[in-house]
K.L.:
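Sharing a structure with you now.
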Amino acid sequence: MQIDIYQSVAQPKKHLSVAANTDIKLLNLEDPDYADVRLIQRGFDTLGLVKPVALDITAAIAGIESEGYYLHSADIEIGWVQQS
């Protein structure tokens, strides 16, 4: 399955995944945080070797097949420690 992954503009930790080329304006999302989203990945192949960080592919596919979309969150912090 190919999916498109969006990120909430209001809450960047919130993401929305749908089947590729889905018109997200037609989705009935109750959470107002998803009213304004930006596309971060178009046509991601869930069967490919690369797995996106913080996305449970099995749950995403199940959610898309049953609800037409999958809501998920990701909070990734990257940092480093300077050693002397």
Side-chain angles (χ1 to χ4, degrees):
M1 172 184 272
Q2 292 201 343
I3 63 174
D4 295 338
I5 305 171
Y6 293 84
Q7 180 181 40
S8 168
V9 172
Q11 295 292 326
K13 295 178 184 179
K14 291 185 172 185
H15 294 76
L16 163 70
S17 291
V18 295
N21 302 314
T22 295
D23 185 351
I24 60 169
K25 294 176 192 134
L26 300 177
L27 297 175
N28 187 21
L29 301 173
E30 295 180 16
D31 188 335
D33 289 340
Y34 293 100
D36 189 15
V37 294
R38 69 179 186 94
L39 181 66
I40 59 171
Q41 179 73 50
R42 181 183 304 279
F44 178 80
D45 185 0
T46 60
L47 298 177
L49 297 176
V50 176
K51 303 297 180 209
V53 174
L55 176 60
D56 181 337
I57 296 292
T58 304
I61 292 171
I64 291 168
E65 289 177 344
S66 66
E67 302 294 325
Y69 60 88
Y70 179 66
L71 304 178
H72 49 104
S73 63
D75 185 16
I76 301 169
E77 185 175 318
I78 299 173
W80 61 88
V81 175
Q82 184 175 0
Q83 296 195 8
S84 47

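Every heavy atom of this structure was used, including side-chain atoms; hydrogens, water molecules and symmetry mates were not.
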K.L.:
Check whether I40 and L16 end up in the same hydrophobic cluster, where Ile, Leu, Val, Met, Phe, Trp and Tyr are linked by side-chain heavy atoms less than 4.5 Å apart.
P.N.:
no
K.L.:
Between S17 and I5, is there a donor-acceptor pair closer than 3.5 Å when you use the side chain of the first and the backbone of the second?
P.N.:
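Here the side-chain-to-backbone pair does not exist.
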K.L.:
Going by the side chain to side chain donor-acceptor pair (under 3.5 Å) test, which pairs reach into residues 56-69, not counting sequence neighbours?
P.N.:
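Every candidate side chain to side chain donor-acceptor pair (under 3.5 Å) pair involving residues 56-69 fails, so no pair, neighbours aside, qualifies.
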K.L.:
Grouping I, L, V, M, F, W and Y whenever their side-chain heavy atoms are under 4.5 Å apart, do I61 and V18 come out in a common cluster?
P.N.:
no
K.L.:
Quick one: side chain to side chain donor-acceptor pair (under 3.5 Å) pairs with a partner in residues 28-38, sequence neighbours left out?
P.N.:
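Output for this query lists Q7-R38, K14-D31, K14-D33.
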K.L.:
Can you give me the closest heavy-atom contact between A60 and L55, atom names plus distance?
P.N.:
CB-CD1, 3.9 Å
K.L.:
What's the shortest heavy-atom distance between Y70 and G63, and which atoms?
P.N.:
CD1-CA, 4.4 Å
K.L.:
Have a look at M1 and tell me which of I64, L47, I57 forms a side-chain contact (heavy atoms from CB on, under 4.5 Å) with it.
P.N.:
I64
K.L.:
Could you give all pairs that pass the ring-ring contact (aromatic ring centres under 6.0 Å, His included) test and reach residues 3-33, with sequence neighbours left out?
P.N.:
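Sorted pair list: H15-H72.
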K.L.:
Keeping the roles fixed (side chain from D4, backbone from A20), state whether a donor-acceptor pair exists under 3.5 Å.
P.N.:
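Pair absent, no side-chain N/O of D4 close to backbone of A20.
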K.L.:
Checking the side chain of T22 only, and the main-chain atoms of I24 only, is there a donor and an acceptor separated by less than 3.5 Å?
P.N.:
no
